[in-house]
2 protein chains.
Amino acid sequence: MSGKTTIYDIAKELNITAATVSRALNNNPKISKATRKLVLETAAKMNYEQNKLALALKSGKSYNIGVIVPRIDSNFFASIIRGIEEELYPKGYHVIICQTHDQEDLEIGNINSLLNAQVDGILMSISNAKLEDNQSFQKLLKKNIPLIFFDRKKDIKGVSSVTIDDFKGAYDATKHLIDQGYKRIAHLSNDRLLLIFKNRYLGYKQAIIDNGLEFDESLVIETQSKVHEGKKTTKILLDMERPPDAIFSSSDFTALGAIQEIKERGLRIPEDIGIIGFSNEPFTKFMELSITSVDQSPTEMGRITAQVFLEEVNNGKKIKSEKHVVLSPELMVRKSSRREN
Amino acid sequence: MSGKTTIYDIAKELNITAATVSRALNNNPKISKATRKLVLETAAKMNYEQNKLALALKSGKSYNIGVIVPRIDSNFFASIIRGIEEELYPKGYHVIICQTHDQEDLEIGNINSLLNAQVDGILMSISNAKLEDNQSFQKLLKKNIPLIFFDRKKDIKGVSSVTIDDFKGAYDATKHLIDQGYKRIAHLSNDRLLLIFKNRYLGYKQAIIDNGLEFDESLVIETQSKVHEGKKTTKILLDMERPPDAIFSSSDFTALGAIQEIKERGLRIPEDIGIIGFSNEPFTKFMELSITSVDQSPTEMGRITAQVFLEEVNNGKKIKSEKHVVLSPELMVRKSSRREN
DNA sequence: TACATTTATGTAATCGATAACATTTTATAT
DNA sequence: ATATAAAATGTTATCGATTACATAAATGTA
């Protein structure tokens, strides 16, 4: 009554064995055309549907993959997940989502929880830089379950990654500001234990140096990726004896906070101060004063992460080779930094 | 070597049977303290971890639930998913995400695919109004698998839903415009075969009528939830013989398009024309000209949807009772409609 | 016709955990 | 010390599908 037709039901109905039914359903060559046809028809009639759970237990492949992100309700991560899902669904995979909220214990808990659920792979963006506990990762590797980092990675032997060239993104952004004539460029940084922020900092610094500007460490301030934090930090910058005339922010949200503070002080953007954010969040384009930002093509990143996973799976037991895909970011020049003409 | 310790391994190690191991691990009372301790220690030593797949096959509960949305990379749906995940993860559930991209075949495909994966329930926002094919839904119900609609629902007997009071949201928004002195209010609608848009239209209409304004059907135009569509439609409105002096849009994106068109014509907001959107997308608050919008508290909606699911699961075989939660929307009044003082 | 092949089907084990039922061991009462 | 109850453990079937191996049926060959 409650659905759930199994191959045994079909077998009984036709007075054959479950093995034969299984073979018929799987296009196994060792079966007569007549029987196959009969089984297929009966299966359809009885609304048979394969129980993937049983298959998974038998085969050791669940066709589920886990995706771990700090949070899902940010355009960046949501877009990555979109890309992953679109790439994997056609191949028969389902995507399980876990959020860590930047909590280390949840990060580890999620990994274990996904392992218990027998996922075929884990794609994740690590949230905690201090996550010294490589144990959970090692466990994955020992079990030969593909682990792939996207965006926020950790250097672990045998683990592939898909990231963007944060250094280049930052370098290009800073260079653009310099080209626009800005001389004293500040940088709203973030926890530099995380590679992405470290590299953005380094790219910024290199651009300053390469172009003969004075590099002033006091113009670099670490803050959190929140609007009000950006505002607070900008207050500090503007109150300096020699305030900056441009700000390259490692986050669109802090860039927005900076804009708010700058406007409150009656300063003009981009005439008096230039602003660039990072991530190309949708709102940067929507603002009347549109914000120049670095696009990370997150959907593409998700797609490629999924592809790298598929490659590893298809590679099977072969040599576990790391693959590191580095995508090129694109500077989206908008009003907040375009001073010419 | 490759991990995967099973209860049989532990049993062999201790010269007992798997059943005893299972009992020890599950705190079954029928076991001696000594054996339990021994098993627990050995399990820890051998890095045992329960295979949820085997458990799922045996128990018929996968502890996976499917969530089907049109797309995940919109703040609204991402926030709902966030709420769902946060509510269900602590209860041991994993959330599987599927996107339909508003395609009917994908919608049906997703349901079947999730069914095969033996999910314990499906939470979804239907994307296609024309989805006459109730077959897939009936299949779910027949199998006694909880199906719960959120936001975009369909009236199906036995199916619970969590929605917001779109009528009220629209009514309040329109009433607010009227209170601000706007006299000729247009409505950017959307496919009214979908209940949410139908109800927003009805709420708008009722507010117009209740407040003695003239209801003019030509001021209601269906469009798609895209910025450029909103712009295009607004063009039509502004070119009318008697153009509107306010626009209540069923989407924040069309509201944004409307603003762009209005500004290009040199009209002032909110002085000449008032604007209200729907959904309270993050950017509405970030804009310099912040947009008044109707908040749908999506994270809360997700949470409650999950709770309704849990209730149905715990209800077990009991009377299948529909539950319809209707959340109250909140009007977020911002600059785009605040004309007084 | 008799024997070798090929083809189709059946049998039974397996994946890992659980649980009803059976059996053994230990504790308690007489 | 013996009967009996209670506690602990073992045996085995089960969830649903797959598959190596065994067997039966069909076909081919001499």
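A, B, ... follow the sequence lines: proteins, then strands. Residue 1 opens every chain. Quantities reported herein were computed from a predicted structural model and do not represent experimental measurements.
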**Asked** Could you give the distance from CG (B:Leu106) to CD1 (B:Ile111), rounded to the nearest 0.5 Å?
**Response**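 Output value for this atom pair is 11.0 Å.
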**Asked** Out of curiosity, B:Gln50 CD to B:Ile7 CD1, how far, rounded to the nearest 0.5 Å?
**Response**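 The distance works out to 9.0 Å.
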Nearest whole angstrom, please: distance from the [atom2] of [N] to the [atom1] of [X].
X	N	atom1	atom2	value
B:Leu115	D:dG16	CG	C1'	16 Å
A:Lys52	D:dT18	NZ	C1'	15 Å
B:Lys33	D:dA6	NZ	P	17 Å
A:Ile7	C:dT9	CD1	P	15 Å
A:Leu57	C:dA13	CG	P	17 Å
A:Lys58	C:dT14	NZ	P	10 Å
B:Asp9	C:dG16	CG	P	8 Å
A:Asn27	D:dT19	CG	C1'	16 Å

**Prompt:** Touch check for A:Ile31, heavy atoms < 4.0 angstrom, all strands: base, sugar-phosphate only, or nothing?
**Reply:**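 Since only primed, P, OP1 and OP2 atoms lie under 4.0 Å of A:Ile31, the category is sugar-phosphate.
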**Prompt:** Counting any heavy atom closer than 4.0 Å, what does A:Leu55 reach on the DNA or RNA strands: base, sugar-phosphate only, or nothing?
**Reply:**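 A:Leu55: backbone/sugar contact only, no base atoms under 4.0 Å.
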Between [X] and [N], is there a side-chain N or O to OP1/OP2 distance below 4.0 Å?
X	N	answer
B:Asn28	C:dA19	no
A:Thr35	C:dT9	yes
B:Asn26	C:dT18	yes
B:Gln50	C:dT18	yes

**Asked** So do the side chains of B:Leu114 and B:Ile96 get within less than 4.5 Å of each other, counting heavy atoms only?
**Response**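 SC-SC contact between B:Leu114 and B:Ile96 confirmed.
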Minimum heavy-atom separation for [X] and [Y], please, with both atom names.
X	Y	value
A:Phe77	A:Val69	CD2-CG1, 3.8 Å
A:Leu195	A:Lys153	CD1-CG, 3.9 Å
B:Ala43	B:Leu25	CB-CD2, 4.2 Å

**Request:** May I ask you to decide whether A:Lys4 forms a salt bridge with A:Asp9, counting only side-chain N to carboxylate O separations under 4.0 Å?
**Result:**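 The answer is no: the pair does not qualify as a salt bridge.
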**Prompt:** Is the shortest side-chain N to carboxylate O distance from A:Lys157 to A:Glu322 below 4.0 Å?
**Reply:**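 Result for this pair is no, no salt bridge flagged.
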**Prompt:** Cation-pi between A:Lys91 and A:Tyr93: NZ/CZ under 6.0 Å from ring centre and within 45° of the ring axis?
**Reply:**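 No.
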**Request:** Using heavy atoms to find the nearest nucleotide of DNA chain C for A:Lys30 and A:Tyr8 separately, return the residue whose nucleotide is more 5′.
**Result:**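 Nearest-nucleotide comparison on DNA chain C picks A:Lys30.
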**Prompt:** Considering only heavy atoms, which members of residues 11-25 of chain A lie under 4.0 Å from some atom of DNA chain D?
**Reply:**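 Here the set is A:Ala19, A:Ser22, A:Arg23.
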**Asked** Quantified as the angle between the terminal helix axes (five pairs each), what is the overall bend of the helix from C:dT1-D:dA30 to C:dT30-D:dA1 to 10 degrees?
**Response**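 So the angle between the two local helix axes works out to 50°.
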**Asked** Taking the six-membered ring where the residue is Trp, are the ring centres of B:Phe309 and B:Phe150 under 6.0 Å apart?
**Response**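 For B:Phe309 and B:Phe150, the ring centres are not under 6.0 Å apart.
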